[in-house]
Amino acid sequence: MSIYEKKYDVIVVGGGHAGAEAALASARMGCETLLLTMNLDTIAQMSCNPAIGGIAKGHMVREIDALGGEMAHNIDAAGLQFRMLNRRRGPAVQAPRAQADKKAYQFRMKEVIENQPHLDVKQGLLEDLVVKNRRIEGVVTKAKTVFAARTVILTTGTFLKGLIHVGDFSYSAGRAGEQAADKASDGLSQLGFELGRLKTGTPPRVNARSIDFSTCEEQPGDADPRPFSYHTDCIEQEQLSCHLTMTVQKTHDIIRSNLDRSAMYSGRIQGVGPRYCPSVEDKIVRFPDKDGHQIFLEPEGYHTLEVYLNGLSMSLPEDVQIEVVRSIPGLERAEIMRPAYAVEYDYVPPTQIHPTLETKPIAGLFFAGQINGTTGYEEAAGQGIMAGINAALTARGDDPIILDRSQAYIGVLIDDLVTKGTEEPYRMFTSLAEYRLLLRQDNADLRLCELGRKIGLLSDEAYNRFCKRKRQIDEEIERLRSTRLTPTDDIQTTLKASHSSPLKRAVTLAELLRRPELSYSIVTQLSPASETLPEDVCESVEIELKYEGYLDRQEEQVQRFHNLEKKYIPENFNYAAIAALRNEAIEKFTRIRPRSLGQASRIPGISPADIALLMIMLKRRGASV
């Protein structure tokens, strides 16, 4: 073995979306960092859907941006279509989404990483971890090179014993064309980690020249595309359209008659697949009465003819895939450029990590991304930036940072993983957040920029832009609350034209804005601001005032939540000593080791009576509860 001359503060293994954010975060915090990846040409590769964002996922991208991460900047530069989802619904579920030029996205992130001070990038395949006295000391590559480090972050994606299935054909790979990391998986088992098996998949890519788009429904981007990053002024690149088609009965008949050749339905796949992103075989079996399923035709870039068939993930043989694709309107002459496949891989059930993403068995070792059981680029990146932050803080000897459920969707994600675990690929939804009206996509900067600045991730320019935006929001809210209007003919005419009742007394602009039928633009016609405010400032002002009562109610709920979160449980607490506690509760408390009564109460299967007993015992032992 050869020992590399430099000792790192942080080593990040894996160059996917989690690894990219982790490496950039630790390096930007001044830690000497190594990004070790098996292929330099696939850094930040979009292995599946060429898109960023969506419901809850878009929220997380904006949170990463507010903390000082890179994903939002990258999609703003490499996006080819931008849409704000759920514009006609409430602000809690509105979310940005963008199709990406997948190669432009990948190459830009690679360039950013290679130019980042304090960050080295090397190609190599992880084979083993160097551990002494249950503390990480470095990694060993397949070439038998040892890299020493104070902390290590594993972001292994689908590469741990990855196995690809196309019908009855299977081969070892973490992604099509790339070798799996088999020995790394064995090394984790030897260190005492429990491993599980999950499955995901990807649909075929077809040649755009072979598609009849005239029979499909065009899905254009927004006329006024909104950036993901708070620090991007505008989206200037040309937007490309996606298209929508549907499966038909013929499609379903082909799939049903070939289920015995599907890797999933023939029993070849043992791992559990994603519930909310099922394969097309799964859709046909689970929803036999549906006449059709939506298929979105998504371009993969400005300089490629590959089109991604979103909604058509499968593990059928290639000859059947051709039949399936050509049974769909618009795709009758489609030429498949890359076939669909399913991939199975090992993961580490995430109850084995702390909320900091540091593992419980090995000090200084962090996990982020699909190794923790999640699915999706955004979920991976959210974990990646937090793992990078906490690995850097640990390497410096500082206290770690934990985002709680009231601060960010990233906090909800990590808390769900470490408290509840997962036996299927975990995907984030707005419905999983109790305080989703507070965790909107428009206010991620107000929630997290100060923290990003405090830990050294947010640049001077970015922080100054945030301060300006916050000042504008605060001053405009104060103006609307303090400016009073008395009934005049002009005002009454404007209100009547907006189908709003006339004034009977003097009211503030804020009171008018709370009327459901009145928007910020209408209210400010009556009394304009002294300066022209950016659209995103106006949006945040309107939401804060129009939903003020609901926001206040959620703030009260958050206060009660924090009261339980502040009731800490000693890490070495002996739950078995509580005589009246159920065996199930003892087992779960001992395995998960909750930090607080709040976390303990969220463990599946734990009852209010268990929490009451735990609180009584903690008080008897002098804990501050």
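This chain uses plain numbering: 1 for the first residue, then up along the sequence.
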Do side-chain atoms of N372 reach the backbone of F367 as a donor and acceptor pair under 3.5 angstrom? yes
Residues T33, D120; criterion side chain to side chain contact (heavy atoms under 4.5 Å, CB included); working and verdict: CA-CA 6 Å; T33 304; D120 294 342; over 6 Å; no
Would you indicate whether K468, at its atom NZ, is surrounded by more than 12 heavy atoms from other residues, nucleotides or ligands within a distance under 6.0 Å? no
Starting at OG of S210, measure out to CG of L305 and round the result to the nearest 0.5 Å. 9.0 Å
Knowing that exactly one of E475, R479, K546, E476 qualifies, which makes a side-chain contact (heavy atoms from CB on, under 4.5 Å) with V541? E476
Decide yes or no for Q237 and L80: does some side-chain heavy atom of the first lie under 4.5 Å from some side-chain heavy atom of the second? no
Closest heavy-atom contact between G15 and L35? CA-CD1, 4.1 Å
At what distance, to the nearest 0.5 angstrom, does NZ of K110 lie from NZ of K103? 11.0 Å
How close do P225 and F82 get, heavy atom to heavy atom, and via which atoms? CB-CB, 3.8 Å
Whether the side chain of T158 engages the backbone of G174 through a donor-acceptor N/O pair (distance < 3.5 Å, no angle test) should be reported. yes
Where the side chain of E378 meets the backbone of A56, is there a donor-acceptor pair that is under 3.5 Å apart? no
Could you report the tightest heavy-atom contact between A98 and I75, atom names first, then the distance? CB-CG1, 3.7 Å
Side-chain ion pair, K470 and D474, N-O less than 4.0 Å: yes
Enclosure of E531 CD (heavy-atom neighbours >12, cutoff 6.0 Å): yes
Report the distance from atom OG1 of T37 to atom CD of Q123, rounding to the nearest 0.5 Å. 7.5 Å
Tell me, with the steps shown, if E111 and E114 meet side chain to side chain contact (heavy atoms under 4.5 Å, CB included). CA-CA 5 Å; E111 181 183 13; E114 289 177 347; 5.5 Å; no
Look only at the side chain of T419 and the backbone of D415, and say whether a donor-acceptor pair between them is shorter than 3.5 Å. yes
Taking the side chain as every heavy atom from C-beta outward, state whether I153 and I11 have any pair of such atoms under 4.5 Å apart. no
Determine whether a donor-acceptor pair (N or O, by modelled atom type, separation under 3.5 Å) exists between the side chain of N390 and the backbone of P400. no
Does the plane of the ring in Y377 sit parallel, tilted or perpendicular to the ring in H17? Use 30° and 60° as the thresholds. tilted
Heavy atoms from other residues, nucleotides or ligands near CZ of R108 exceed 12 (cutoff 6.0 Å): yes
On a heavy-atom basis, which atom in P299 and which in C242 lie closest, and how many Å separate them? CD-SG, 3.9 Å
If only side-chain N and O atoms count, and only distance matters, is there a donor-acceptor pair under 3.5 Å linking S279 with S313? no
Could you walk me through whether L24 and I385 pass the side chain to side chain contact (heavy atoms under 4.5 Å, CB included) check? CA-CA 8 Å; L24 287 171; I385 193 169; over 6 Å; no
SB check R175 E178 (cutoff 4.0 Å): yes
Taking it one step at a time, do S229 and D65 satisfy side-chain hydrogen bond (donor to acceptor under 3.5 Å, both in side chains)? CA-CA 6 Å; S229 175; D65 182 62; 2.9 Å; yes
Would you say the side chain of I414 lies within less than 4.5 Å of the side chain of L403, judging by non-hydrogen atoms? no
In terms of heavy-atom contacts, does CZ of R471 have more than 12 from other residues, nucleotides or ligands at under 6.0 Å? yes
Count the heavy atoms belonging to other residues, nucleotides or ligands that lie under 6.0 Å from CZ of F213, then report whether that count exceeds 12. yes
Check: L125 and Q179 side chains under 4.5 Å, non-hydrogen atoms: yes
Does any part of the side chain of Q94, heavy atoms only, come nearer than 4.5 Å to the side chain of E539, both counted from C-beta? yes
Ignoring hydrogens and angles, tell me if any N or O in the side chain of Q239 forms a donor-acceptor pair with the backbone of P220 under 3.5 Å. no
R87 with D224: basic N within carboxylate O range, under 4.0 Å: yes
Between E450 and K454, is there a salt bridge with N-O shorter than 4.0 Å? no
Distance-only, no hydrogens or angles: does the T245 side chain make a donor-acceptor pair with backbone N or O of C216 under 3.5 Å? no
From M314 CE over to T202 OG1, what is the distance, rounded to the nearest 0.5 angstrom? 10.5 Å
Find the distance between NZ (K122) and CZ (F147) and round it off to the nearest 0.5 Å. 6.0 Å
Do the side chains of Q81 and L240 get nearer than 4.5 Å, heavy atoms only? no
For the aromatic rings, using the six-membered ring if either is Trp, is the centroid distance between Y435 and F561 under 6.0 Å? yes
So which of R226, R465, R469 actually passes salt bridge (Lys or Arg N to Asp or Glu O under 4.0 Å) with D536? R469
Please round to the nearest 0.5 Å and tell me the distance separating atom CG of L480 and atom CG of L509. 5.5 Å
Between E63, R62, R440, which is the residue that forms a side-chain contact (heavy atoms from CB on, under 4.5 Å) with R447? E63
Could R205 and Y308 be counted as a cation-pi pair, given that NZ or CZ must be under 6.0 Å from the ring centre and within 45° of the axis? no
Step by step, would you call T155 with V13 a side chain to side chain contact (heavy atoms under 4.5 Å, CB included)? CA-CA 6 Å; T155 67; V13 178; 5.7 Å; no
Between A18 and A380, the two heavy atoms sitting closest are CB-O, 3.3 Å
Counting only N and O atoms by type, is there a donor-acceptor contact under 3.5 Å from the side chain of Q407 to the main-chain atoms of D404? yes
Heavy atoms only: give me the nearest P528-Q525 pair and the separation to one decimal. CD-O, 4.1 Å
Given 3.5 Å as the limit, does a donor-acceptor pair link the side chain of N443 with the main chain of L438, or not? yes
Is any NZ, NE, NH1 or NH2 atom of the basic residue among E379 and R427 found under 4.0 Å from an Asp or Glu carboxylate oxygen of the other? no
Within-4.5 Å side-chain heavy-atom neighbours: E298 and H243: no
So do L160 and Y347 actually touch side chain to side chain, heavy atoms under 4.5 Å? no
Looking at F159, is its backbone amide N or carbonyl O close enough to the side chain of T156 to form a donor-acceptor pair, meaning the two atoms are under 3.5 Å apart? no
Side chains of Q383 and T374: donor-acceptor distance under 3.5 Å anywhere? yes
